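Structure, as structure tokens:
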Amino acid sequence: ASVKSPAFATPTTFGSLTLLENATIRTDNPDLKGNGGSIELDAGKQLTVLGKLIAPGGRVLLNNQGAADATPYDNAQSIWLGERSLIDVAGYYARSYSPSGELLSARVYDGGDVEINAARGFIVAKEGSVIKTTGTSGLVQVGASRDASMVYGAAGDIAISARDGVLWDGSFVGGAQGTGARGSFSLSLEGNANPIAISPAPPTGELVLTVTTDKQNLTQGLNVRDS
């Protein structure tokens, strides 16, 4: 199953999209053929996630897009993850019912993928927000002997990119069990190398990425659309 919700019709039509705190979008679990679900939310202006996006072993994509030179720079525009938001693509253990308890059709599916892309604006993740891409495990009967063995799935991948900046106080949960392969994480600050002929124009110049063990709650006190 897949869910796609755009908040704009054309690159010059800008809309805002909000998933409320008590709302949940969940896809089906992967089937025994390996078909997983996907959730894609697109907004041309403000994209706010306060609730839960769950796609077991699947994919979640958040886009703040549209033509970067089609509207003046807005320093309050963001992809916003609230303090109770959850994006969960953790791995999944699937098995079909068997009266004898056989596990011949059991499968372990890896953790899925999360991609957050702010082609315009910032990405803000409040403290308490969680992205989960953990792997899972389960017993699977392998080979002619039909002996059950523990199979460990891989953790998933997280990719985050923003043109104007990232404020991240949320948590990533992406470990794997046993011999399961570890997942990956990437963060890129795209910046704006060339001036754009609009007013006000987005700033140009150097972007600095700071990694520290000193906990800093940069989003404390911030609300959606604060500049």
Side-chain angles (χ1 to χ4, degrees), residues 5 7 16-26 39-55 58-65 73-91 111-135 155-176 182-192 202-203 205-227:
S5 181
S16 297
L17 178 63
T18 299
L19 180 72
L20 296 177
E21 186 171 306
N22 293 324
T24 299
I25 299 176
R26 179 181 179 121
I39 299 171
E40 181 176 347
L41 303 182
D42 298 329
K45 195 166 183 64
Q46 179 66 36
L47 176 53
T48 304
V49 177
L50 306 178
K52 297 178 175 63
L53 301 172
I54 303 173
R59 181 172 181 260
V60 171
L61 175 61
L62 305 181
N63 277 319
N64 196 335
Q65 55 183 349
Y73 171 67
D74 181 357
N75 67 357
Q77 180 176 350
S78 68
I79 297 177
W80 182 281
L81 305 182
E83 57 264 26
R84 294 181 179 85
S85 66
L86 171 66
I87 300 175
D88 187 349
V89 295
D113 301 322
V114 175
E115 182 177 345
I116 303 176
N117 177 34
R120 294 178 297 109
F122 296 82
I123 297 175
V124 179
K126 296 281 284 184
E127 185 174 30
S129 62
V130 176
I131 294 181
K132 186 176 181 181
T133 61
T134 51
D157 301 321
I158 300 171
I160 296 170
S161 64
R163 186 190 70 176
D164 297 324
V166 177
L167 295 173
W168 200 283
D169 289 326
S171 298
F172 302 106
V173 183
R182 274 43 183 173
S184 68
F185 173 80
S186 67
L187 172 63
S188 60
L189 300 178
E190 302 294 340
N192 195 63
E206 183 181 46
L207 292 176
V208 178
L209 175 61
T210 301
V211 180
T212 177
T213 58
D214 182 20
K215 175 69 174 180
Q216 301 179 49
N217 194 343
L218 299 177
T219 64
Q220 186 174 12
L222 283 181
N223 295 305
V224 178
R225 296 292 299 164
D226 282 350
S227 61

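Remember, it's a predicted structure, so these values are computed and weren't measured experimentally.
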Compare every heavy atom of G221 with every heavy atom of K126, then report the nearest pair and how far apart it is. NZ-N, 3.9 Å
Scan side-chain atoms only and decide if S129 and E83 contain a donor-acceptor pair under the 3.5 Å cut-off. no
Nearest 0.5 Å, please: how far is CH2 in W80 from CG in L47? 12.5 Å
Quick one: closest heavy-atom pair of R59 and L61, and the distance? NH2-CD2, 3.6 Å
Does the pair L189 and V166 meet the rule for a side chain to side chain contact (heavy atoms under 4.5 Å, CB included), with working shown? CA-CA 8 Å; L189 300 178; V166 177; 3.7 Å; yes
Going through the distances and angles, do V173 and I131 end up as a side chain to side chain contact (heavy atoms under 4.5 Å, CB included)? CA-CA 6 Å; V173 183; I131 294 181; over 6 Å; no
All heavy atoms of D164 vs all of F122, minimum pair found to be O-CE2, 3.2 Å
So L222 and L167, do their side chains get closer than 4.5 Å, heavy atoms only? yes
Between N117 (side chain only) and N63 (backbone N and O only), is there a donor and an acceptor less than 3.5 Å apart? no
Would you give the length of the straight line joining atom CG of N22 to atom CZ of R84, rounded to the nearest 0.5 angstrom? 9.0 Å
Out of curiosity, W168 CH2 to I116 CD1, how far, rounded to the nearest 0.5 Å? 4.0 Å
Residue from L62, T48, L50 passing side chain to side chain contact (heavy atoms under 4.5 Å, CB included) with L81: L62
Taking N64 for the side chain and K45 for the main chain, is one N or O donor matched with an acceptor at less than 3.5 Å? yes
Give the intermediate values and the outcome of side chain to side chain donor-acceptor pair (under 3.5 Å) for residues T219 and E127. CA-CA 7 Å; T219 64; E127 185 174 30; over 6 Å; no
So how far is it from S188 OG to I160 CD1, rounded to the nearest 0.5 Å? 9.0 Å
Closest approach of T133 and G174, non-hydrogen atoms and distance? OG1-CA, 3.5 Å
What one should report as the nearest heavy-atom pair of R182 and A155 is C-CB, 4.2 Å
Going from CG on L53 to CG on D88, what distance comes out if it is rounded to the nearest 0.5 angstrom? 10.0 Å
Identify the heavy atoms of Q46 and V224 that sit nearest to each other, and give their distance. NE2-CG1, 3.8 Å
Say whether, by atom type as modelled, one donor and one acceptor occur between the side chain of K52 and the main chain of E21 under 3.5 angstrom. no
Got a second to check how far D157's CG is from D113's CG, nearest 0.5 Å? 5.0 Å
